[in-house]
Amino acid sequence: MAAAVIKKFFIASMFMWIAPLAILYGFNHNLLPGSSNLSPHAMTLVSGFVAVISVNIVIAFYIYMAMKEPVDKHEPDPKFLADAKASVSKPTGESSTSSESSKKRE
């Protein structure tokens, strides 16, 4: 399951780099229809805005995919719970004496 999450994250990250670069390349080399009719200033603005919007679309798609992930109830390790309860119920006097004894050894 963790491998699938990492794979989705990697793919989304790649699209966050590829999509805006492809859009900027397409506008600068007149590969997109209508981009040759724009002035250089307008082409820079439009290509920048479209590139930013493409990144936002990729982020929204990644969030949507993350929300679709199955939610399994996580059960903590019983040994960890027992150790945690034991450490909480342990008197604090023991920990201070052990630290004092370690300071005396130094």
Side-chain angles (χ1 to χ4, degrees):
M1 183 166 140
V5 171
I6 291 172
K7 181 180 175 184
K8 287 178 186 177
F9 177 74
F10 181 73
I11 291 170
S13 297
M14 292 304 297
F15 274 111
M16 285 177 61
W17 278 95
I18 293 170
L21 290 176
I23 289 169
L24 291 173
Y25 182 84
F27 268 99
N28 289 335
H29 291 90
N30 297 325
L31 299 176
L32 298 174
S35 63
S36 60
N37 299 335
L38 297 173
S39 69
H41 180 70
M43 185 168 39
T44 301
L45 287 174
V46 170
S47 66
F49 287 137
V50 174
V52 168
I53 289 170
S54 72
V55 170
N56 287 318
I57 290 171
V58 170
I59 291 171
F61 185 71
Y62 180 72
I63 291 171
Y64 172 74
M65 293 301 291
M67 297 296 274
K68 281 182 42 176
E69 286 287 321
V71 180
D72 297 332
K73 177 129 175 113
H74 176 71
E75 294 294 329
D77 184 28
K79 183 181 179 322
F80 174 78
L81 284 177
D83 292 343
K85 287 179 184 177
S87 69
V88 169
S89 63
K90 186 168 95 172
T92 57
E94 291 178 21
S95 63
S96 65
T97 58
S98 65
S99 64
E100 288 174 7
S101 64
S102 65
K103 287 180 184 177
K104 288 180 185 177
R105 282 188 230 151
E106 293 175 359

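Side-chain atoms are counted along with the backbone in the values below, which use heavy atoms only and exclude waters and symmetry mates.
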- Task: Run through Ile18, Ile59, Ile23 and flag the one making a side chain to side chain contact (heavy atoms under 4.5 Å, CB included) with Ser54.
- Result: Ile23
Mind checking the [atom1]-[atom2] spacing from [X] to [Y]? Nearest 0.5 Å is all I need.
{"X": "Ile11", "Y": "Lys8", "atom1": "CD1", "atom2": "NZ", "value": "9.0 Å"}
{"X": "Phe9", "Y": "Met16", "atom1": "CZ", "atom2": "CE", "value": "8.0 Å"}
{"X": "Thr44", "Y": "Phe49", "atom1": "OG1", "atom2": "CZ", "value": "11.0 Å"}

Is there a path of hydrophobic side-chain contacts, each under 4.5 Å between heavy atoms, that joins [X] and [Y]?
{"X": "Phe15", "Y": "Met67", "answer": "yes"}
{"X": "Val55", "Y": "Ile63", "answer": "yes"}
{"X": "Leu21", "Y": "Val58", "answer": "no"}
{"X": "Leu38", "Y": "Val50", "answer": "yes"}
{"X": "Phe27", "Y": "Leu24", "answer": "no"}

- Query: Are there more than 12 heavy atoms of other residues, nucleotides or ligands under 6.0 Å from atom OH of Tyr62?
  - Reply: yes
